[in-house]
A.B. asks: 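This structure is in C-alpha cells; I'll ask about it shortly.
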Amino acid sequence: MGLEKRTIKIIVAVVVLVLILSLVGLLLGLLLPQRYVELEVWPRSEEYNWDQPLIQVRGNDPGSWHAWYRRLNEFLKVYETSIPEDPPRAPCSVHNRRDQHLRSDPCDIAMRRWAPCTADEFYGYARGKPCIFLRLANIHYWVPEPYNMTSPLPIPPEMPQHIREAMRHRPAHQYGDFVWVSCGGEFSADKENIGPIQYIPADYPPGFPLSRLHTADRIPYSARNMPDQVPGPLIAVHFENPRRGVVINVECRIWTRDIFYDPKSRVGRARFELHVE
Ligand SMILES: *[C@@H]1O[C@H](CO)[C@@H](O)[C@H](O)[C@H]1NC(C)=O
C-alpha cells in the first residue's frame, strides 16, 4: 500500500513537472522573436521601425547626413579585416581618404571595389545619391534553393532583367550559386521617382554568394539554434539619381525558389522610405 502511494506521488510529480516545462517552453516561444530569413536595411535611425524606416538626406547640408555617415561607419566596423578577400565582404570603414597612410592594402582594394558606397565618398550622402546596405540575417537554420540557369526548372517571368543577365553571364556550375537581390519602387509613382540604381560591388553579381552563407547545410547541427556567429553578408544599393523633394517607397527582396513573394511578408523582404531634399 505504502509503495503504491509513493508511486502515485512520483507520477503526479512527473506530470506536474512536464506541465510546467511545456508552459515555460510555450511562453519562451511566444516571447522570443520569431526567426525568419531577414533582409536588414542599414543605416538605421535610433527610432528604427520595420514598417516605416525613413532615410532623409539634404545633400548640401552635412548636418542632415553626417549622422547616417557615422552610423554606417559604426555598422561596418565588425567587417574590418586585413585578410584579402575576393570580393571584399564590405568597404573598409575606419580610415577614410584623409588618413590613407594608415590603410592596409586589402583596405584600399575594398574601398575601390565598393565605391561609391564607402567612407571616402561619404557613402554618397554628401551628393544626395545615398547608398543603402542590405544584410542577410537569421540564415543559420535555412537551406536556400537558388535560382540558376543550370537546373532545368523554370524561372519566374517577373524576375528582373539584371538578375537574368547575371545568371546568364555567370553560370552557377562555374561561378557558384547566389541568393539574388533586387530593389525597386513600391508603387507606380515610386517606380518613376526612384531613378537608376546600381548594386555594389558593381562588377559582382547582384546577390549573396551561397559559398559565403552560413546556412544550415554548412554549419554543425548544434549551431543551428544559436545566433549567427558571423555578421551576415552585405550588398549595397546605390541610388544614382532619386527624384528630389518626394518620399520614395523602396522595396527590396531576395529571390530563391523556396521563399515566395508576398507584399505583406517580412521574410526575405525589406522596405524603406527615401527622401532626398
Ligand atoms: C541550381 O538550382 C537548383 C534548384 O534550386 C539547385 O538544386 C542546384 O544546386 C543549383 N546549382 C547548380 C550548380 O546546379
Side-chain angles (χ1 to χ4, degrees), residues 34-42 79 81 83-90 109-110 113-114 132-184 186 197-237 250-271:
Q34 280 204 328
R35 283 178 312 182
Y36 51 87
V37 177
E38 195 179 353
L39 191 60
E40 298 175 348
V41 176
W42 294 86
Y79 293 91
T81 174
I83 302 163
E85 293 171 315
D86 187 31
R89 263 157 225 260
I109 292 168
R113 292 289 296 276
W114 282 80
I132 305 293
F133 286 81
L134 300 173
R135 172 159 83 181
L136 201 58
N138 292 345
I139 53 173
H140 46 285
Y141 67 97
W142 180 46
V143 180
E145 280 174 48
Y147 279 117
N148 57 45
M149 297 287 191
T150 305
S151 96
L153 295 169
I155 300 293
E158 70 276 13
M159 180 177 269
Q161 201 53 36
H162 73 275
I163 299 181
R164 289 165 184 279
E165 271 164 29
M167 284 197 298
R168 226 172 287 128
H169 293 144
R170 296 229 184 189
H173 57 90
Q174 235 174 313
Y175 294 93
D177 273 301
F178 283 77
V179 170
W180 304 107
V181 172
S182 71
C183 292
E186 197 171 10
I197 55 181
Q198 205 174 20
Y199 302 86
I200 307 291
D203 56 357
Y204 200 62
F208 305 105
L210 247 60
S211 59
R212 280 197 180 174
L213 302 187
H214 290 242
T215 44
D217 47 335
R218 289 160 195 268
I219 57 174
Y221 190 79
S222 57
R224 285 184 207 171
N225 286 318
M226 293 199 281
D228 290 333
Q229 298 297 307
V230 279
L234 295 179
I235 184 172
V237 185
V250 184
E251 180 188 49
C252 297
R253 57 170 292 200
I254 60 170
W255 295 78
T256 60
R257 291 192 184 278
D258 56 319
I259 292 184
F260 298 102
Y261 174 73
D262 169 359
K264 287 194 283 296
S265 165
R266 291 184 183 198
V267 182
R269 178 179 165 270
R271 59 174 311 281

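Order of appearance sets the numbers: ligands from 1, and atoms from 1 within every ligand.
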A.B. asks: Polar pairs, ligand 1 vs protein, N/O only, below 3.5 Å.
C.D. replies:
| residue | atom | partner | partner atom | Å |
| --- | --- | --- | --- | --- |
| ligand 1 | 2 (O) | Pro146 | O | 3.4 |
| ligand 1 | 2 (O) | Asn148 | OD1 | 3.2 |
| ligand 1 | 2 (O) | Asn148 | ND2 | 2.4 |
| ligand 1 | 5 (O) | Pro146 | O | 2.6 |
| ligand 1 | 11 (N) | Asn148 | ND2 | 2.9 |
| ligand 1 | 11 (N) | Asp177 | OD2 | 2.5 |

A.B. asks: Does this structure show an ion pair linking Arg269 with Glu251, if we count only N-O contacts that are shorter than 4.0 Å?
C.D. replies: yes
A.B. asks: Using every non-hydrogen atom in the two residues, find where Trp255 and Glu158 come nearest and quote the distance to one decimal.
C.D. replies: CH2-O, 3.6 Å
A.B. asks: Report, as yes or no, whether the 6.0 Å neighbourhood of atom CG on Leu153 holds more than 12 heavy atoms from other residues, nucleotides or ligands.
C.D. replies: yes
A.B. asks: Apply side chain to side chain contact (heavy atoms under 4.5 Å, CB included) to the pair Arg257 and Ser151, showing each step before the final yes or no.
C.D. replies: CA-CA 12 Å; Arg257 291 192 184 278; Ser151 96; 3.9 Å; yes
A.B. asks: So which atom in Ala270 and which in Val41 form the shortest heavy-atom distance, rounded to 0.1 Å?
C.D. replies: CB-CG2, 3.5 Å
A.B. asks: Measure across Leu213 and Arg218 and return the closest heavy-atom pair with its distance rounded to 0.1 Å.
C.D. replies: O-CD, 3.1 Å
